[in-house]
Amino acid sequence: MQRLVLKSIDKNLETIEKLFENCYDIIIRRMEIGELYRVKMAIVYIDGLVDKDHISNFTIECLFTEEEIKKFTLNGFKSSLLDIISKEIIANSEIKEEYRMEKAIDSILSGDAVLFIDNSDRCLIIGSKQFPARSIAEPVTETVVRGPRDGFTEVLKVNTSLVRRRIKDTNLKIEIKQVGRRSKTDVAILYIDDIVDKSMLLELKERINKIDIDAVIDSSIFENLIEDNYLSPFPQIESTERPDAVAASLYSGRIAIIVDNSPFALLIPATFGTLLQSSEDYYKRWAESSFVRILRIIAVALTVLSPGLYVAITAYHPGLLPTVLTYYLAASRINVPFPAVVEAVLMELTLELLRESGTRISGPIGTTVGIVGGLIIGQAAVEAGIVSPLMIIIVAVTTISSFAIPSYDFGIGFRLWRFILIVCASILGLYGMMLGIIVMITHLIKLNSFGVPYTSPYSGLGIEGGALKDTLIKAPIQYIKSRPTFTNPQNKIRMRGYWKDGRRK
């Protein structure tokens with residue numbers, strides 16, 4: 001049953017004190033205002049979540065001024081006291097009335113102050129949020145040589161303002177939903193109303209409404225709750241901490257999700273093409289960006305195939321190599337006591353361990369651990385005859401290639417599949433490799449991201465709209481006139497023409 005704000009201020013405060021028992025940070029400021037008619041009031045807030053100077057200067061001080069006391073004396077019983085306070089006395093930019101106690105308590109927990117007035121069955125929610133937060137800084141995981149340097153923080157309002165600053169359009173809509181029975185985490189849904197596919201937006205809202213969980217601590221937890229296939233190693237939702245990437249995605253007809261307390265925004269739908277793109281692609285010359293995108297495709301192939309090919313050729317198909325290289329391979333492995341599959345798995349696991357330890361150690365020490373550890377362990381392993389020098393080269397190339405994939409989560413999927421291909425190659429050689437690749441490609445083709453095929457536009461969806469101009473390569477901006485068709489935008493044209501030789505085409 002829903003609890004309501006009672007007319008008795010003592011009973012309201014008794015309810016709050018009972019709910020917030022043993023909470024040292026809850027502040028209840030009791031007051032009595034007026035000369036002829038003394039009215040009991042109380043303002044409730046949580047210390048550390050509000051701007052106390054703002055409450056003191058624009059709320060409490062206004063209530064205690066002499067002019068306002070006269071208003072209580074003259075009008076206290078002629079009109080609603082709560083209306084007088086909200087419309088004539090409190091000098092606050094954000095204030096609203098509430099009659100439900102649950103909403104008032106949620107507002108207190110969210111960082112607002114709540115004013116209770118005796119003999120009034122409503123309370124006033126006064127906007128006074130001031131969360132402890134770090135300042136806006138350059139994104140750590142998505143650095144660029146040329147481009148904006150600001151990144152998201154853990155405060156939702158700051159993050160939405162960074163996006164709003166880049167999209168000065170009334171069609172940019174920001175809807176707020178709360179997820180989590182206990183955490184009541186604010187989740188913002190951002191989209192451009194006259195571009196976004198409304199069916200995709202409706203599907204997203206339905207998935208959010210079905211979430212029933214205690215708490216959502218980070219956007220990664222929220223991502224796992226709404227993605228199509230949570231068992232897949234590949235992410236079906238893109239994450240970014242760059243406001244410019246979110247703005248560009250919204251212009252393309254995609255939907256952004258910003259979760260409070262997380263510096264990473266989520267973008268839907270996500271496809272193979274979008275996960276291989278970087279923000280810097282649009283800040284460089286088209287030829288350089290196209291070259292880098294082709295390199296990323298090669299990096300994906302090297303990340304997945306290199307160790308498996310080494311195992312297959314070494315164990316089953318040495319005849320595929322030139323004779324001189326075969327002799328060199330045999331000579332380098334003559335003192336290695338392990339089969340090729342054990343050698344490959346051992347070195348790959350060692351590199352993954354070094355990568356993980358370097359990530360967990362902050363600052364320059366982490367980088368030193370990765371570089372020095374890799375050099376020392378690799379050199380020692382070769383001298384001890386545990387692995388061959390060629391295996392060290394294969395592992396190094398594989399590791400470097402995995403770093404070229406812009407999306408960290410996307411790269412993890414290929415790194416995990418690499419071990420599957422190593423096992424397949426150890427059993428059936430190149431035939432096993434082909435079977436593993438077919439299974440991986442089949443899995444990617446079957447994946448969807450909110451109804452959009454994961455492999456689009458490579459799988460055919462969007463090719464007719466010229467989507468490959470901004471996927472496989474990056475054509476000059478003058479030739480990218482249409483939005484990507486895989487998002488099914490309402491407004492498909494982003495640019496009407498371009499200038500060439502002084503004339504508008």
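The model shown is predicted, which means the values in this text are computed figures rather than measured ones.
Under the 4.5 Å side-chain criterion, counting only non-hydrogen atoms from C-beta, Trp286 is not in contact with Ile477. No side-chain heavy atom of Val311 sits less than 4.5 Å from a side-chain heavy atom of Val345. The shortest side-chain heavy-atom distance between Val336 and Val387 does not fall under the 4.5 Å cut-off. Here the side chains of Leu349 and Leu353 are not in contact, with every heavy-atom distance at 4.5 Å or above. The shortest distance between side-chain heavy atoms of Glu154 and Arg134 falls below 4.5 Å. Using a 4.5 Å heavy-atom threshold, the side chains of Ile237 and Phe222 count as separate. Residues Ser239 and Leu266 form a side-chain contact, since some pair of their non-hydrogen atoms from C-beta on lies under 4.5 Å apart. Arg149 places a side-chain heavy atom less than 4.5 Å from the side chain of Val144.
One finds the NZ atom of Lys492 at 11.5 Å from the CD1 atom of Ile195 (value rounded to the nearest 0.5 Å). Put simply, NZ on Lys446 and CG on Asn229 are 9.0 Å apart, with the number rounded to the nearest 0.5 Å. The OH atom of Tyr282 sits 7.5 Å away from atom NZ of Lys474, with the distance rounded to the nearest 0.5 Å. Atom CG of Leu201 and atom CD of Glu175 lie 6.5 Å apart (nearest 0.5 Å). Once rounded to the nearest 0.5 Å, the distance linking CD of Glu288 with CD of Glu280 reads 7.5 Å. To the nearest 0.5 Å, atom CD1 of residue Ile189 and atom CD1 of residue Ile174 are 11.5 Å apart.
Remark: the Tyr283 side chain and the Asp244 side chain contain an N/O donor-acceptor pair separated by less than 3.5 Å.
By the side chain to side chain donor-acceptor pair (under 3.5 Å) test, Asp218 pairs with Ser220, Ser262, sequence neighbours left out. Checked against salt bridge (Lys or Arg N to Asp or Glu O under 4.0 Å), Asp197 has no partners two or more places apart in sequence or in another chain.
In this structure, Asn171 contributes its side chain and Ile192 its backbone to no donor-acceptor pair below 3.5 Å. Remark: side-chain polar atoms of Ser232 are paired, donor with acceptor, to backbone N or O of Phe234 under 3.5 angstrom. Under the 3.5 Å distance criterion, the side-chain polar atoms of Arg166 are left unmatched by any main-chain donor or acceptor of Ala247. Under a 3.5 Å cut-off, the side chain of Ser449 and the backbone N or O of Gln236 do form a donor-acceptor pair. Tyr316 places a side-chain N or O within donor-acceptor distance of the main-chain N or O of Ser426, the cut-off being under 3.5 Å. Put simply, the side chain of Glu142 gets close to the backbone of Glu241: a donor and an acceptor are under 3.5 Å apart. Listed for the Thr471 side chain is no donor-acceptor partner under 3.5 Å among the backbone atoms of Gly273. Distance alone, capped at 3.5 Å, places no donor-acceptor pair between the Lys481 side chain and the Gln478 backbone. Remark: the backbone N or O of Ile493 is paired with a side-chain donor or acceptor of Asn491 at under 3.5 angstrom. When atom types are taken as modelled, the side chain of Arg333 and the backbone of Phe338 share a donor-acceptor pair closer than 3.5 angstrom.
The aromatic rings of Trp417 and His443 sit parallel, their planes meeting at an angle under 30°, below the 60° perpendicular limit. Taking the six-membered ring where tryptophan is involved, the planes of Phe414 and Phe272 are perpendicular, since the angle between them exceeds 60° and thus also 30°.
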query: So Ile405 and Leu276, side-chain contact (heavy atoms from CB on, under 4.5 Å) or not? Walk me through it.
result: CA-CA 6 Å; Ile405 302 175; Leu276 284 180; 4.1 Å; yes
task: Under the side-chain contact (heavy atoms from CB on, under 4.5 Å) rule, what do Glu352 and Arg418 come out as? Steps first, then yes or no, please.
output: CA-CA 12 Å; Glu352 291 295 333; Arg418 176 178 60 198; 2.7 Å; yes
field: Ile420 and Cys424: CA distance, side-chain angles, deciding distance, side-chain contact (heavy atoms from CB on, under 4.5 Å) verdict
entry: CA-CA 6 Å; Ile420 297 176; Cys424 293; 4.2 Å; yes
task: With side-chain contact (heavy atoms from CB on, under 4.5 Å) as the test, would you mind laying out the steps for Val292 and Arg296 before giving the verdict?
output: CA-CA 6 Å; Val292 171; Arg296 290 186 192 132; 3.5 Å; yes
message: Go through it in stages, so that I can follow the logic: the residues are Ser388 and Tyr310, the test is side chain to side chain donor-acceptor pair (under 3.5 Å), and I'd like the CA-CA distance, side-chain angles, deciding distance and then a yes or no.
response: CA-CA 11 Å; Ser388 63; Tyr310 172 82; 3.0 Å; yes
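A salt bridge links Asp470 with Arg293: at least one charged nitrogen is closer than 4.0 Å to a carboxylate oxygen. Ion pairing between a basic and an acidic side chain is recognised when a charged N comes within 4.0 Å of a carboxylate O; Asp228 and Arg207 show such pairing. The existence of a salt bridge linking Lys129 and Asp112 is confirmed by a sub-4.0 Å separation between a basic side-chain nitrogen and an acidic carboxylate oxygen. A salt bridge links Asp193 with Lys198: the distance from a Lys NZ or Arg NE/NH1/NH2 to an Asp or Glu carboxylate oxygen falls below 4.0 Å.
Between Gln490 and Val196, the shortest heavy-atom contact is NE2-O, 2.6 Å. The minimum heavy-atom distance between Ser456 and Phe486, with the atom names listed, is OG-CB, 3.8 Å. For Ser183 against Val216, the heavy-atom pair with the smallest separation is OG-N, 3.2 Å. Nearest approach of Asp260 to Leu156, heavy atoms of both residues: OD1-N, 3.2 Å. When all heavy atoms of Leu267 and Ala256 are compared, the closest pair comes out as CD2-CB, 3.7 Å. Considering every non-hydrogen atom in both Leu162 and Phe152, the closest pair reads CD1-CD2, 4.1 Å.
Around atom NZ of Lys157, no more than 12 heavy atoms belonging to other residues, nucleotides or ligands sit under 6.0 Å away. Within 6.0 Å of CD1 in Ile334 there are 12 or fewer heavy atoms belonging to other residues, nucleotides or ligands. Within a 6.0 Å sphere centred on CE of Met440, other residues, nucleotides and ligands contribute more than 12 heavy atoms. Crowding of Arg181 atom CZ: a count of heavy atoms from other residues, nucleotides or ligands under 6.0 Å exceeding 12. Enclosure of atom NZ in Lys173 by more than 12 non-hydrogen atoms of other residues, nucleotides or ligands within 6.0 angstrom is indicated.
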Counting only pairs under 3.5 Å, give me each side-chain donor-acceptor contact of residues 406-413, with atom names and distances, residues two or more places apart or in other chains.
from, atom 1, to, atom 2, distance (Å)
Ser407, OG, Phe410, N, 3.3

